Amino acid sequence: MEAGGVGLALQTRAAGFGTGRRRGGLQSPIGSLRVAEPAGAAVAVRARGSKPVAPLRAKKSSGGHENLHNSVDEALLLKRKSEEVLFYLNGRCIYLVGMMGSGKSTVGKIMSEVLGYSFFDSDKLVEQAVGMPSVAQIFKVHSEAFFRDNESSVLRDLSSMRRLVVATGGGAVIRPVNWKYMKKGLSVWLDVPLDALARRIAKVGTASRPLLDQPSGDPYTMAFSKLSMLAEQRGDAYANADVRVSLEEIASKQGHDDVSKLTPTDIAIESLHKIESFVIEHATDNVIGDSQSESQVRRIQTF
Ligand SMILES: Nc1ncnc2c1ncn2[C@@H]1O[C@H](COP(=O)(O)OP(=O)(O)OP(=O)(O)O)[C@@H](O)[C@H]1O
Ligand SMILES: O=C(O)C1=C[C@@H](O)[C@@H](O)[C@H](O)C1
């Protein structure tokens, strides 16, 4: 979809919308907002003609509408930020990297919707390419190396395209050649503390994640110990991303230290913000284009 055609429709069921306090310097309401129903708590952000992927739930409050208004503000902030970032992105793809369970798919879908980009999950593309229903099965029937080869092919194919948000596999960062592909666009590392990852993964189970799957044991403890091992093996590989989005930093900016309170929208907004800063800061590099990304990849090959 062309950037100019991103017709965002923000639907809200919040009563009294538009009268709330605005955050982040947002000065005026956005024209395409519609107040659909008089009461309720759900705000849906969606690109025109598509199903909403990420209903923004107003945080429950014991009284008054303060949190509800903050949530509407959040949707507005997301839209405003995406409009600014679109200008600077100029069609470049966004690659989300991070450990298993870091929220690449969840946050990536929100970002793609709001930017009017297409969303791809590279694990799913590998499954399609190989003709198998799950990554777990590919690992079992073939091997991890076979999966990794296909993952690289998928990333290579995606790298020739524009206007995509790609949720990469958690281990895509370990192969330097994958960075060559991802450096054609902008890469964003979702940096989530290991205990939060283990909690998320334990909640949904490890069956779909072959590197974490264990026949027995407490799911949280097993996930935590495997994730710690992988994090150590991977060292600084995630830090090759152009932008780091730290959930601990976002939580601290919000005045608490509990990353589980952050919504995927909070994280999408921060990602867009960091992308914008990165692109502005590297504006002259962009003119250099491919030669710049090649020199970045040469540096990465040394890790
Ligand atoms: N901000 C968040 N707060 C709480 N839970 C979240 C958040 N973001 C994602 N999750 C949950 O964590 C789990 C993993 O999220 P998601 O699939 O988006 O991660 P991923 O990085 O794409 O994972 P993988 O690489 O393993 O496919 C899901 O159950 C999702 O609902
Ligand atoms: O962290 C990893 O190595 C992986 C993450 C998943 O997204 C899948 O790509 C696969 O399970 C391997």
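From a predicted model like this one, the values you see are computed outputs, not experimental measurements.
- When atom types are taken as modelled, the side chain of Arg162 and the backbone of Asn90 share a donor-acceptor pair closer than 3.5 angstrom.
- Heavy-atom neighbours of Asp257 CG from other residues, nucleotides or ligands within 6.0 Å: at or below the threshold of 12.
- Ion pairing between a basic and an acidic side chain is recognised when a charged N comes within 4.0 Å of a carboxylate O; Lys104 and Asp121 show no such pairing.
- Taking 4.0 Å as the cut-off between side-chain N and carboxylate O, Glu270 and Lys253 count as a salt-bridged pair.
- Distance alone, capped at 3.5 Å, places no donor-acceptor pair between the Asn178 side chain and the Val173 backbone.
- In terms of the side-chain contact (heavy atoms from CB on, under 4.5 Å) criterion, Ser225 has no residue partners (sequence neighbours excluded).
- Between the side chain of Asp266 and the main chain of Thr263, a donor-acceptor pair closer than 3.5 Å is present.
- With hydrogens and angles disregarded, no donor-acceptor distance shorter than 3.5 Å links the side chain of Asp191 to the backbone of Arg244.
- Looking only at distances, no side-chain donor or acceptor of Tyr95 sits under 3.5 Å from a matching main-chain atom of Trp179.
- Checking side-chain atoms of Arg92 against main-chain N and O of Leu89 turns up a donor-acceptor pair under 3.5 Å.
- Between Phe147 and Phe139, the angle of the ring planes lies from 30° to 60°, which puts this pair in the tilted group.
- Asp236 places no side-chain N or O within donor-acceptor distance of the main-chain N or O of Ala239, the cut-off being under 3.5 Å.
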Given salt bridge (charged side-chain N to carboxylate O under 4.0 Å, His left out), test Lys109 with Glu113 step by step and report yes or no.
CA-CA 6 Å; Lys109 281 177 193 166; Glu113 290 271 331; over 6 Å; no
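- Between Ser271 and Leu190, the shortest heavy-atom distance links the atoms OG-CD2, 4.0 Å.
- Residues Ile269 and Glu74 meet the side-chain proximity criterion, which asks for heavy atoms closer than 4.5 Å.
- With a 4.5 Å cut-off on side-chain heavy atoms, Leu125 and Leu158 count as touching.
- Residues Val259 and Pro193 meet the side-chain proximity criterion, which asks for heavy atoms closer than 4.5 Å.
- Atom-to-atom distance recorded for Leu272:CG and Ile267:CD1 is 12.0 Å, nearest 0.5 angstrom.
- Of the possible polar contacts, none joining the His142 side chain to the Ile138 backbone as a donor-acceptor pair under 3.5 Å is found.
- Checking side-chain atoms of Arg156 against main-chain N and O of Val177 turns up no donor-acceptor pair under 3.5 Å.
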